[in-house]
Amino acid sequence: MRSVTYSMNVSLDGYIVGPDGGFDWTAPDEDVFRFWIDEIREVGVHLLGRRLYETMLYWETADQDRSLDDAELEWVALWNPLPKVVFSTTLSAVRGQARLASGGLAEEIERLRAEPGEGEIAIGGATLASEAAGLGLIDEYRAMVYPVLVGGGIPFFPRHERRVDLELVETRTFSSKFVYLRHRVAR
């Protein structure tokens with residue numbers, strides 16, 4: 001069965017965006033960007049909330065930007081053909097390889113898990129991930145921890161009043177600055 005993973009950049013105090021909605025502190029260095037390229041290779045479908053979908057729209061036409069380096073062009077070549085499911089109550093259309101979710105999150109994940117195919121079901125966006133976590137649908141949490149305290153904003157981890165035991169699967173340090181943490185939900 002395909003696993004559901006939640007991967008995002010996160011500040012040391014636990015937020016994916018700051019109190020002003022900014023995430024300018026999440027610019028990756030070359031090694032971290034290479035890591036994200038390698039991780040996206042393992043994804044079979046990406047589930048996104050509206051805000052993350054709109055943020056990632058940049059990559060739909062980024063290959064026309066002549067200033068992109070080889071790594072950015074490689075990201076575009078992997079990201080654009082990747083199937084995406086967007087969860088939104090305000091969008092009426094999406095572009096590229098995206099489609100609007102036709103059902104609830106649990107139903108979409110159940111359907112995707114049942115379909116033949118390879119690769120993980122990745123979830124992006126804290127609001128969508130929070131809903132999936134509340135339903136017990138996330139199999140792995142993956143956090144790229146940035147050395148910054150933003151003081152508030154949208155938290156990486158959902159605020160549910162239930163305990164979730166995790167098993168450490170992997171840690172990695174990048175440039176003596178960023179730390180990657182990968183945990184599997186203990187079932």
Side-chain angles (χ1 to χ4, degrees), residues 1-10 16 32-63 71-144 154-158 160 162 164-170 172 180-187:
M1 180 167 21
R2 297 165 84 180
S3 63
V4 177
T5 61
Y6 171 41
S7 296
M8 294 287 289
N9 296 323
V10 60
I16 63 166
V32 170
F33 193 70
R34 171 63 44 202
F35 174 82
W36 288 126
I37 289 171
D38 292 341
E39 184 172 271
I40 203 70
R41 291 179 196 285
E42 303 301 317
V43 174
V45 61
H46 207 293
L47 312 181
L48 303 97
R50 180 195 52 81
R51 282 183 289 211
L52 183 59
Y53 167 74
E54 289 176 341
T55 299
M56 297 301 286
L57 274 176
Y58 163 77
W59 296 104
E60 290 289 324
T61 58
D63 58 348
E72 291 166 321
L73 289 171
E74 186 176 356
W75 172 265
V76 169
L78 293 167
W79 178 256
N80 285 348
L82 181 67
K84 300 164 200 75
V85 181
V86 180
F87 291 80
S88 174
T89 57
T90 57
L91 295 175
S92 59
V94 290
R95 298 189 304 202
Q97 292 298 314
R99 68 171 175 83
L100 286 170
S102 57
L105 181 58
E107 293 82 14
E108 287 284 348
I109 289 175
E110 183 179 320
R111 187 180 61 71
L112 290 167
R113 280 184 166 163
E115 286 180 351
E118 295 188 23
E120 300 163 350
I121 301 168
I123 293 183
T127 303
L128 192 61
S130 178
E131 182 181 345
L135 295 168
L137 298 172
I138 295 180
D139 299 305
E140 286 192 11
Y141 290 88
R142 300 172 181 180
M144 182 67 73
I154 298 175
F156 176 88
F157 292 105
H160 294 290
R162 73 179 184 100
V164 178
D165 291 320
L166 304 171
E167 300 169 350
L168 181 63
V169 175
E170 180 182 359
R172 191 166 161 189
Y180 174 72
L181 302 170
R182 178 179 168 204
H183 288 85
R184 181 178 302 124
V185 174
R187 301 203 197 270

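Reckoned from all heavy atoms, side chains included, excluding hydrogens, waters and symmetry mates. Start at 1 with the first residue, then count along the sequence.
Atom CD of E170 is separated from atom NE2 of H183 by 11.0 Å, given to the nearest 0.5 angstrom. Distance check, rounded to the nearest 0.5 Å: NE2 of H46 to OG of S7 gives 7.5 Å. Within the model, atoms CG of L168 and CZ of R182 stand 10.0 Å from one another, a figure rounded to the nearest 0.5 Å. For the atom pair CE (M8) and CD1 (I16), the distance works out to 3.5 Å, reported to the nearest 0.5 Å.
The two residues G103 and F87 have their closest heavy-atom pair at O-CE2, 3.9 Å. Across every non-hydrogen atom of E118 and R2, the tightest pair is O-NH2, 3.4 Å. Looking at every heavy atom in both residues, A71 comes nearest to I37 through O-CD1, 3.3 Å.
E108 places a side-chain N or O within 3.5 Å of a backbone atom of S102 that can act as its donor or acceptor partner. A donor-acceptor distance shorter than 3.5 angstrom exists from the side chain of E107 to the backbone of G104, with no hydrogens or angles considered. Counting only distance, with no hydrogens or angles, the side chain of K84 and the backbone of W79 share a donor-acceptor pair below 3.5 Å. The backbone N or O of G96 sits nowhere less than 3.5 Å from a side-chain atom of N80 that would complete a donor-acceptor pair. Using modelled atom types, no side-chain atom of R184 and backbone atom of E140 make a donor-acceptor pair closer than 3.5 Å.
With sequence neighbours left out, E54 forms a side chain to side chain contact (heavy atoms under 4.5 Å, CB included) with R50, L91. Among residues two or more places apart in sequence or in another chain, the ring-ring contact (aromatic ring centres under 6.0 Å, His included) test is passed with Y6 by F156.
Ring-plane geometry between W36 and Y180 is classed as perpendicular, the angle between the planes exceeding 60 degrees on a 0 to 90 degree scale with a lower cut at 30.
Heavy-atom contacts from other residues, nucleotides or ligands closer than 6.0 Å to CD of E167 number more than 12.
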Next on the checklist: One pair to check against side chain to side chain contact (heavy atoms under 4.5 Å, CB included): R41 and L78. What are the steps and the verdict?
Outcome noted: CA-CA 7 Å; R41 291 179 196 285; L78 293 167; 3.8 Å; yes

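Annotation: side chain of V4 is not in contact with side chain of L112 (no heavy-atom distance under 4.5 Å).
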With a cut-off of 3.5 Å and sequence neighbours excluded, list every side-chain donor-acceptor pair involving residues 119-136.
| residue | atom | partner | partner atom | Å |
| --- | --- | --- | --- | --- |
| E120 | OE1 | R142 | NH1 | 3.2 |
| E120 | OE2 | R142 | NH2 | 3.0 |
| T127 | OG1 | R51 | NH2 | 3.1 |

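Ionic pairing of D139 and R187 is present here: one or more N-O contacts between side-chain nitrogen and carboxylate oxygen are shorter than 4.0 angstrom.
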